[in-house]
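Below: one structure, written as structure tokens.
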Amino acid sequence: MAVLHLTKDNFEAEVLKSDKPVLVDFWATWCGPCQMVGPILDELGEEVTDAKICKVNVDEQPELAKEYRVMSIPTMIVFKNGQAAKREVGAKSKDAILDMIK
């Protein structure tokens, strides 16, 4: 499954009502560390079957960034059963991101 791009219109259905864990990456096109993490998330989107990998562009979706108190990017939040379960700030390795999801 490819990485899903979230907006305020599909966030509730794709994240909060998901029956799987959801990793949400809050990012921006101008953010260097975000660009480093992007290809890793694309790989995980193809490899991981027991969780969703999603992205929120904070410039296009400032309401979501504000709602989840994203102050620095990249910020990755894992949602389980509609609740934020884990949060990490900064670029992470593939293994570190996989550990977050589990």
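All residue numbers in this chain count up from 1 along the given sequence. On a predicted model such as this, the values are computed, not experimentally measured, just so you know.
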Only one of Leu4, Ile101, Val22 clears side-chain contact (heavy atoms from CB on, under 4.5 Å) with Ile53; which?
-> Ile101
First locate atom CE of Met71, then atom NZ of Lys66, and finally report the distance between them rounded to the nearest 0.5 Å.
-> 10.0 Å
Minimal heavy-atom distance between Gln35 and Ala28, with the atoms involved, is NE2-O, 3.5 Å
Qualifying salt bridge (Lys or Arg N to Asp or Glu O under 4.0 Å) pairs, either residue in residues 12-30, two or more places apart | Glu12-Lys17, Glu14-Lys52
Scanning both residues in full, the closest heavy-atom pair of Ile97 with Ile40 reads CD1-CG2, 3.9 Å
Can you tell me how far the CD1 atom of Ile77 sits from the CZ atom of Phe26, to the nearest 0.5 Å?
-> 4.5 Å
Out of curiosity, Leu41 CG to Lys92 NZ, how far, rounded to the nearest 0.5 Å?
-> 12.5 Å
Give a yes or no on this: more than 12 heavy atoms of other residues, nucleotides or ligands lie within 6.0 Å of atom CD of Glu63.
-> yes
Out of curiosity, does Leu16 fall in the hydrophobic cluster containing Val56 (side-chain heavy atoms, cut-off under 4.5 Å, transitive links)?
-> yes
Answer yes if Val58 and Val37 sit in the same cluster of Ile, Leu, Val, Met, Phe, Trp and Tyr residues linked by side chain heavy atoms under 4.5 Å apart, and no otherwise.
-> no
Rounded to the nearest 0.5 Å, how far apart are NE2 of His5 and CH2 of Trp27?
-> 6.5 Å
Taking everything shown except Lys80 itself, do over 12 heavy atoms lie less than 6.0 Å from its NZ?
-> yes
Salt bridge (Lys or Arg N to Asp or Glu O under 4.0 Å) partners of residues 30-51, not counting sequence neighbours, each pair once | Glu43-Lys94, Glu47-Lys94
Is the backbone N or O of Thr7 less than 3.5 Å from a side-chain atom of Gln61, with the two atoms forming a donor-acceptor pair by type?
-> no
Looking only at heavy atoms, which two atoms of Ala91 and Pro74 are closest? And how far apart?
-> N-CG, 3.8 Å
At what distance, to the nearest 0.5 angstrom, does CZ of Phe79 lie from CZ of Arg87?
-> 8.0 Å
Out of Val89, Val70, Val24, Leu23, which one pairs with Met76 under the side-chain contact (heavy atoms from CB on, under 4.5 Å) rule?
-> Leu23
State whether the side chain of Lys86 and the backbone N or O of Met100 hold a donor-acceptor pair below 3.5 Å, judged by distance alone.
-> yes
Could you give the distance from CD1 (Ile73) to CH2 (Trp30), rounded to the nearest 0.5 Å?
-> 3.5 Å
